[in-house]
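Taking it in order: structure first as structure tokens, then the write-up.
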Amino acid sequence: MIRRLRFITACLVALSAGAAAQGVEHSALQPPPHTQPWPSIGSGEGKSAQAASLQLGPEMQRGISPQEVLRERRLLDAELDGIAAQRPGTVDAYVVTVALDSDPVFAREAREARRVLSRRYGANGRAITLAGPDGVTGDIRPKGSISALMYTLARLSEVMDPQEDVLVLYSTSHGIPQGLTYHYGDSGYGILSPQYFRDALTELGLQKRLLILSACFSGTFVPYLAGPDTAILTAAAFNRTSFGCEAENDWTYFGDAMINRALRKPHGLVLAAREASSDIAKWEGNKNLTPSLPQTLIGASAKEWLAVLEAQIPQDTTRPVGRPAVGE
């Protein structure tokens, strides 16, 4: 398991280093590339102990100046302080979109996912994006990390009414069989494991949730997070990769199909997931790729609050933005 983790992360480093070697310009708008080898973040004696430690959601930050720490905390606090209060008697959606990797495709995807999901579920004023620079715009957002995500969810849990309100979360990053990878330049590393994510949501009382996870192997989260009040969609099965995560892209395959196309339309989540899966299967087939097999599971109670949210979906369709994940 540990060997597989090191192999996959070594591939990610090689891809990013190659981009840097081609003369990628670094400016205030450019996210930091991955140039250093992934450090060991598992602890304990022996492979089994190290594998078990990855289930605890380890995160490593290194080489970050105190001023950067202060700036990021102020950015995040400002975003969270601006979140609107919940409305008694109303099912309010609180949207969180997070890019856990500094490859700019994920920041671009997270920014647009916030716009699409906020519009769809009436969450304007109740949405936050955690994503660093996207290489194109000057849109300044708090950076995505495991700790920033946990802090955000904890703060939102103080605002939301767990009996009424719904967490809508979209995460986009690379993934490995052990979970979602956090990898910000050469300064941030970590694994958001399904076990740690499950325990955090349970502790915070965030039981009504729509979770959309865009990453390789993201189906590994389904058995841990599924439940009566959960709707969970993943870009891939537990043993499959997803596609389109090259740094220069505007969208991954799953993000383009689900967020940029299907969820812009006024149909329900089940139909949107079916449409997105169909598009992805077609794109993968055209390129002779091993099918990623996106997963969708909606709990019985989740269907009830989802019906309330979807009764208010805008009835017009917005146009896709950015470059398609595949040539058309």
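The distance from atom CZ of R119 to atom CG of N124, rounded to the nearest 0.5 Å, is 9.5 Å. Annotation: the span from L54 atom CG to I41 atom CD1 amounts to 6.0 Å, rounded to 0.5 Å. Annotation: the span from Y182 atom OH to S173 atom OG amounts to 12.0 Å, rounded to 0.5 Å. Rounding to the nearest 0.5 angstrom, the gap separating the CG atom in N260 from the CG atom in D250 is 9.0 Å. Separation of atoms CG (D229) and CG (L167) is listed at 12.0 Å; rounding is to 0.5 Å.
A single hydrophobic cluster is seen to contain both L206 and Y196, as judged by linkage of ILVMFWY side chains at heavy-atom distances under 4.5 Å, directly or through other members. No continuous path of ILVMFWY side-chain contacts below 4.5 Å connects W305 to L169, so the two sit in separate hydrophobic clusters. A continuous path of hydrophobic side-chain contacts links I146 to F221 [ILVMFWY only; heavy atoms under 4.5 Å].
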Using distance only, find each side-chain donor-acceptor pair of residues 154-166 under 3.5 Å and give its atom names and separation, not counting sequence neighbours.
{"residue": "R155", "atom": "NH1", "partner": "D77", "partner atom": "OD1", "Å": "3.2"}
{"residue": "R155", "atom": "NH1", "partner": "Y151", "partner atom": "OH", "Å": "3.0"}
{"residue": "R155", "atom": "NH2", "partner": "D81", "partner atom": "OD1", "Å": "2.7"}
{"residue": "S157", "atom": "OG", "partner": "A154", "partner atom": "O", "Å": "2.6"}
{"residue": "D161", "atom": "OD1", "partner": "Q163", "partner atom": "N", "Å": "2.9"}
{"residue": "E164", "atom": "OE1", "partner": "Q86", "partner atom": "NE2", "Å": "3.2"}
{"residue": "E164", "atom": "OE1", "partner": "G89", "partner atom": "N", "Å": "3.2"}
{"residue": "E164", "atom": "OE2", "partner": "G89", "partner atom": "N", "Å": "2.8"}
{"residue": "D165", "atom": "OD1", "partner": "D92", "partner atom": "N", "Å": "3.1"}
{"residue": "D165", "atom": "OD2", "partner": "Q86", "partner atom": "NE2", "Å": "3.3"}
{"residue": "D165", "atom": "OD2", "partner": "D161", "partner atom": "N", "Å": "2.8"}

Salt bridge (charged side-chain N to carboxylate O under 4.0 Å, His left out) between R240 and E284, worked out
CA-CA 12 Å; R240 297 296 179 94; E284 292 169 342; over 6 Å; no
Could you walk me through whether E112 and R264 satisfy the salt bridge (charged side-chain N to carboxylate O under 4.0 Å, His left out) test, starting with their C-alpha distance in whole Å, then the side-chain angles of each, then the deciding distance to 0.1 Å, before giving a yes or no?
CA-CA 11 Å; E112 189 61 24; R264 292 185 184 276; 2.8 Å; yes
D279 vs R261, salt bridge (charged side-chain N to carboxylate O under 4.0 Å, His left out): CA-CA, chis, key distance, verdict:
CA-CA 10 Å; D279 284 344; R261 299 167 189 256; 5.3 Å; no
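Inter-residue side-chain proximity for E203 and M150 is flagged as unmet; no heavy-atom pair is nearer than 4.5 Å. Between R62 and P39 there is a side-chain heavy-atom pair separated by less than 4.5 Å. Side-chain contact between R274 and V270 is present, with heavy atoms from C-beta onward closer than 4.5 Å. Considering only heavy atoms from C-beta on, Q61 comes within 4.5 Å of S145 through its side chain. You'll find the side chain of N249 stays beyond 4.5 Å of the side chain of D256, heavy atoms only. A heavy-atom distance below 4.5 Å is found between the side chains of R141 and R114. Using a 4.5 Å heavy-atom threshold, the side chains of R319 and V321 count as separate.
More than 12 non-hydrogen atoms from other residues, nucleotides or ligands lie less than 6.0 angstrom from CZ of R323.
The aromatic ring centroids of H183 and H34 lie less than 6.0 Å from each other.
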